[in-house]
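Predicted model only: the values in this text are computed from it and were never measured.
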Amino acid sequence: MRGEETEIVGLLDLGLEDELIVMPGTHSKWVRVEGGRIASFETVMTGDVFSALREATILGQLMQGTDPAPQAFERGGRAGQLPQ
């Protein structure tokens, strides 16, 4: 295991019981904790897939600009929030 995965051990030491841990990156990790134990672990290659599409397909040729768009990020964050 590498650094990101070992961080989960530290989180479990905090006493987490039932959680969904999301670790973003080019290989995002999704870890479901149930009863204080890791119940499932998934790695999603979203960043790598985006890079491949951008650099090696006609879709990438149609993409415009790479400047950050903080307003779009905030809208996406709000849309993805679970109801409290």
Side-chain angles (χ1 to χ4, degrees):
M1 285 213 268
R2 297 183 354 190
E4 304 103 345
E5 289 87 351
T6 57
E7 289 175 357
I8 298 164
V9 175
L11 291 171
L12 292 176
D13 193 48
L14 294 174
L16 298 181
E17 288 294 319
D18 298 302
E19 301 289 337
L20 176 62
I21 303 168
V22 181
M23 306 175 85
T26 57
H27 296 81
S28 298
K29 281 91 176 164
W30 293 73
V31 184
R32 181 162 307 281
V33 175
E34 295 176 358
R37 302 180 68 116
I38 296 173
S40 66
F41 185 97
E42 296 181 43
T43 300
V44 184
M45 298 182 55
T46 49
D48 288 327
V49 171
F50 174 79
S51 179
L53 288 171
R54 181 171 176 86
E55 296 172 13
T57 70
I58 195 165
L59 292 174
Q61 296 173 10
L62 300 173
M63 292 181 188
Q64 298 177 2
T66 57
D67 293 334
Q71 302 86 353
F73 180 82
E74 290 172 16
R75 279 195 316 272
R78 283 192 301 276
Q81 283 181 329
L82 296 175
Q84 297 287 329

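Shortest non-hydrogen contact noted between E34 and D18 is CA-OD1, 3.2 Å. T46 and S28 make their closest contact through OG1-OG, 3.8 Å (heavy atoms, listed as atom of the first residue, atom of the second, distance).
Taking CD1 from I58 and CE from M63, the interatomic distance works out to 12.0 Å, rounded to the nearest 0.5 Å. Distance check, rounded to the nearest 0.5 Å: CG of D48 to CG of L53 gives 11.0 Å. In this structure, CG in L59 is found 11.5 Å from CZ in R54, a value given to the nearest 0.5 Å. The CZ atom of R32 lies 10.0 Å from the CD atom of E19; values are rounded to the nearest 0.5 Å.
Residues V22 and V31 do not share a hydrophobic cluster, clusters being chains of Ile/Leu/Val/Met/Phe/Trp/Tyr side chains in contact below 4.5 Å. Under a hydrophobic-cluster definition in which Ile, Leu, Val, Met, Phe, Trp and Tyr are linked whenever side-chain heavy atoms come within less than 4.5 Å, directly or via other members, F41 and V44 are assigned to different clusters. In terms of hydrophobic clustering, with Ile, Leu, Val, Met, Phe, Trp and Tyr side chains grouped at heavy-atom distances under 4.5 Å, I38 and L20 are assigned to different clusters. Placement of F50 and F73 in two distinct hydrophobic clusters is found when ILVMFWY residues are connected by side-chain heavy-atom separations under 4.5 Å, directly or transitively. Residues M23 and L16 are members of one and the same hydrophobic cluster, defined by side-chain heavy-atom contacts under 4.5 angstrom among Ile, Leu, Val, Met, Phe, Trp and Tyr.
Within a 6.0 Å radius of CG in L62, other residues, nucleotides and ligands contribute more than 12 heavy atoms.
Looking only at side-chain heavy atoms (C-beta outward), V33 and L11 stay at 4.5 Å or farther from each other.
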